[in-house]
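Take a look at the structure below.
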Protein chains: 2
Amino acid sequence: MTGSIPAGYDPYAYEPFAVTVDLAVFTVRAGQLHVLLIRRAQEPHRGAWALPGGFVLPRESAERAARRELAEETGLPARLVGELHLEQLRTYSEPDRDPRMRVVSIAFTALVPDLPEPSEQGGGDADRARWVPVERTGELAFDHGRILADARTRIGAKLEYTCLATAFCPPEFTLGELQAVYETVWDTVLDRPNFRRKVLATPGFVEAVPGAARLTGGRGKPAALYRAGPATALHPPLLRPEGHRR
Amino acid sequence: MTGSIPAGYDPYAYEPFAVTVDLAVFTVRAGQLHVLLIRRAQEPHRGAWALPGGFVLPRESAERAARRELAEETGLPARLVGELHLEQLRTYSEPDRDPRMRVVSIAFTALVPDLPEPSEQGGGDADRARWVPVERTGELAFDHGRILADARTRIGAKLEYTCLATAFCPPEFTLGELQAVYETVWDTVLDRPNFRRKVLATPGFVEAVPGAARLTGGRGKPAALYRAGPATALHPPLLRPEGHRR
DNA sequence: ACAAAAGTGTTGCACTTACACCCATGT
DNA sequence: ACATGGGTGTAAGTGCAACACTTTTGT
């Protein structure tokens with residue numbers, strides 16, 4: 001930015017901007033991609049469903065504000081919120097996106113494993129927080145429908161060339177569970193043998209937990225367990241098939 | 001965002017935030033990646049080099065502000081600024097990034113063809129605007145060094161899986177020029193026959209200008225001319241070689 | 001015995017890589 | 001003639017899609 005502010009500038013001279021954060025937090029549950037929504041307890045859009053979020057405080061970075069609001073508004077465990085991988089999506093700045101005043105919102109995305117339902121009574125401005133299948137969110141408050149659509153597009157693309165999919169899994173997981181993440185987010189079917197080769201051939205994507213195994217569907221051979229590895233990028237990418245949808 | 005603002009909220013009650021835009025505008029010139037910088041005419045950081053940008057006005061979106069500031073501060077042709085492909089990079093919101101007050105900055109990137117040097121006397125808050133090789137920018141004002149580094153990383157990655165490289169080229173260009181863009185941004189050498197096959201095999205990446213040809217280095221066979229096509233994504237991607245740097 | 005889920009092998013096609021070669025133009 | 005840059009051909013190597021097959025468990 002450049003200084004069109006002269007030496008004796010008064011920060012209160014202009015109509016102020018408010019700066020908020022909004023979070024699109026996803027999980028994979030029962031073969032469906034879910035997003036964490038809250039029901040608004042205040043006007044405007046009182047009673048409507050919205051992405052969790054809120055105002056950035058004067059001495060807080062956007063990322064800290066995002067963690068604070070997430071902890072306040074949803075029942076997510078504090079430990080999880082603290083360690084969560086947050087990623088900036090983009091900033092929404094259209095002048096009329098909030099009827100009250102000029103609000104610029106910095107949107108974040110996060111991926112979490114399947115968790116117990118958040119505590120029923122929300123904190124802060126939220127009535128309650130719920131996991132909602134992304135296909136059944138209906139209309140959201142403000143421009144949150146658009147933010148959610150942008151976030152979905154982004155995470156779909158990120159699965160192709162990053163190791164982010166493990167963020168949807170519990171600390172120890174099977175390759176079948178990891179494959180289900182891809183199939184759910186992309187709404188496709190993947191070839192199991194090829195998927196497993198691809199994942200195992202990428203150094204640092206997953207690490208075997210020696211000796212550990214777990215039954216998945218009640219029947220069948222127990223699957224070996226893996227942990228997320230240190231790798232972050234996926235070279236070469238795991239390309240999403242274009243043809244056959246699920 | 002959620003409404004912690006009660007009905008009778010006074011927008012002036014809190015310490016206000018200022019919202020700015022910053023632009024990392026790149027071009028390829030003489031085999032080097034250049035970025036557009038301005039010299040600050042005002043405190044703070046008076047006399048230092050910085051990315052162009054400035055305050056978002058009360059009724060303006062961030063993208064509109066970016067175009068306005070770019071036109072005001074640099075001598076870039078109005079037509080070009082209007083049609084420019086701007087892309088949000090990310091938003092920088094650390095509390096102390098500007099010593100004057102709380103400033104949240106939305107950063108954009110843009111790619112332009114090699115242009116004549118901008119008009120010498122800058123407008124607005126800029127002394128003057130100049131194209132500077134990215135390797136020789138030195139220290140920049142505020143956190144602009146970090147913004148510039150993030151922008152470089154992003155455009156390098158974008159060349160792999162989008163058709164964005166044509167934005168660096170004039171309206172009609174040769175495949176040699178397009179290849180030079182990749183080689184400059186990635187600092188690598190690419191195999192010419194393979195590069196041309198790859199580009200031509202991607203539908204909508206480039207379109208031949210029938211019959212047109214141009215001499216490039218003064219010598220050699222005149223090269224056929226191409227225009228940017230309608231495609232925006234590059235499937236499969238054009239992967240950056242990892243080994244041999246230029 | 002059978003179903004279900006994990007895991008292994010193999011084959012063929014598609015694509016990329018690396019490099020040899022030809023073409024058109026200026027000096 | 002030859003240097004320079006554009007453009008074509010091709011053979012070896014690589015990676016991946018597709019699908020058949022084996023293994024281990026529960027009922």
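Below, chain A is the first sequence line, B the second, and so on; all start at residue 1. This one's a predicted model, so the numbers in the text were calculated from it and none came from an experiment.
- Each end of the helix from dA1(C)-dT27(D) to dT27(C)-dA1(D) gets its own rotation axis from five pairs of C1' atoms, and the angle between them is 10° to the nearest 10 degrees.
- The side-chain contact (heavy atoms from CB on, under 4.5 Å) test applied to Ala151(A) returns Ala24(A), Phe26(A), Leu89(A), Thr109(A), not counting sequence neighbours.
- The side chain of Arg196(B) places no N or O atom within less than 4.0 Å of a non-bridging phosphate oxygen (OP1 or OP2) of dG6(D).
- Of all the residues in residues 155-174 of chain B, not one reaches under 4.0 Å from DNA chain C with any non-hydrogen atom.
- Residue pairs meeting the salt bridge (Lys or Arg N to Asp or Glu O under 4.0 Å) criterion with at least one partner in residues 157-170 of chain A, sequence neighbours excluded, are Glu87(A)-Lys158(A), Glu160(A)-Arg240(A).
- Applying the side chain to side chain donor-acceptor pair (under 3.5 Å) rule to Glu139(B) yields no partners; only residues at least two apart in sequence or on another chain are considered.
- Summarising the geometry, the separation between NZ on Lys198(A) and P on dT8(C) is reported as 18 Å, rounded to the nearest angstrom.
- The side chain to side chain donor-acceptor pair (under 3.5 Å) check on Thr91(B) picks up Thr91(A), with sequence neighbours excluded.
- At a non-hydrogen distance threshold of 4.0 Å, nothing from residues 203-211 of chain A comes into contact with DNA chain D.
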* Which is it for Thr184(A) and Phe168(A) under the side-chain contact (heavy atoms from CB on, under 4.5 Å) test, yes or no, and what are the steps along the way? -> CA-CA 11 Å; Thr184(A) 301; Phe168(A) 277 122; over 6 Å; no
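- Residues Asp187(B) and Leu33(B) form no side-chain contact, since every pair of their non-hydrogen atoms from C-beta on lies 4.5 Å or further apart.
- Regarding Leu239(A), its CG atom lies at a distance of 13 Å from the P atom of dA18(D), rounded to whole Å.
- Applying the side chain to side chain donor-acceptor pair (under 3.5 Å) test to every pair with at least one member in residues 161-181 of chain A, sequence neighbours left out, gives these pairs: Glu172(A)-Arg227(A), Glu177(A)-Arg214(A), Gln179(A)-Glu183(A).
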* Asked: So Val206(A) and Phe173(A), side-chain contact (heavy atoms from CB on, under 4.5 Å) or not? Walk me through it.
  -> CA-CA 10 Å; Val206(A) 297; Phe173(A) 53 88; 3.8 Å; yes
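- At the heavy-atom level, Ala213(B) lies nowhere under 4.0 Å from the strands shown.
- Of the possible polar contacts, one joining the Thr27(A) side chain to the Val112(A) backbone as a donor-acceptor pair under 3.5 Å is found.
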* Summarise protein proximity over nucleotides 19-27 of chain D in one line of letters, 5' to 3': B for base, S for sugar-phosphate only, - for none, counting protein heavy atoms closer than 4.0 Å. => BB--BBBS-
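- For the pair Tyr182(A) and Val28(A), the minimum side-chain heavy-atom distance is 4.5 Å or more.
- In this structure, His235(A) places its NE2 atom 15 Å from P of dG15(D), rounding to the nearest Å.
- Ala48(A) pairs by the side-chain contact (heavy atoms from CB on, under 4.5 Å) definition with His45(A), Ala141(A), not counting sequence neighbours.
- Atom C1' of nucleotide dG6(D) and atom CD of Glu177(B) are separated by 12 Å, given to the nearest angstrom.
- Atom CG in Leu200(B) sits roughly 13 Å away from atom P in dG9(D) (whole-Å rounding).
- Of all heavy-atom pairs spanning Arg90(B) and Arg146(B), the tightest one is NH1-NH2, 3.4 Å.
- Arg196(B) is linked by a side-chain contact (heavy atoms from CB on, under 4.5 Å) to Leu175(B), Leu200(B), Tyr226(B), counting only residues two or more places apart in sequence or in another chain.
- Residue Ala223(A) is the one, among Pro237(B) and Ala223(A), whose nearest nucleotide of DNA chain C lies closer to the 5' end (criterion: closest heavy atom).
- If you measure from atom CG of Leu178(B) to atom P of dG7(D), you get 12 Å, rounded to the nearest angstrom.
- Regarding Gln179(A), its CD atom lies at a distance of 12 Å from the C1' atom of dG7(C), rounded to whole Å.
- Partners of Arg64(A) according to the side-chain contact (heavy atoms from CB on, under 4.5 Å) rule, which considers only residues two or more places apart in sequence or in another chain, are Glu60(A), Ser61(A).
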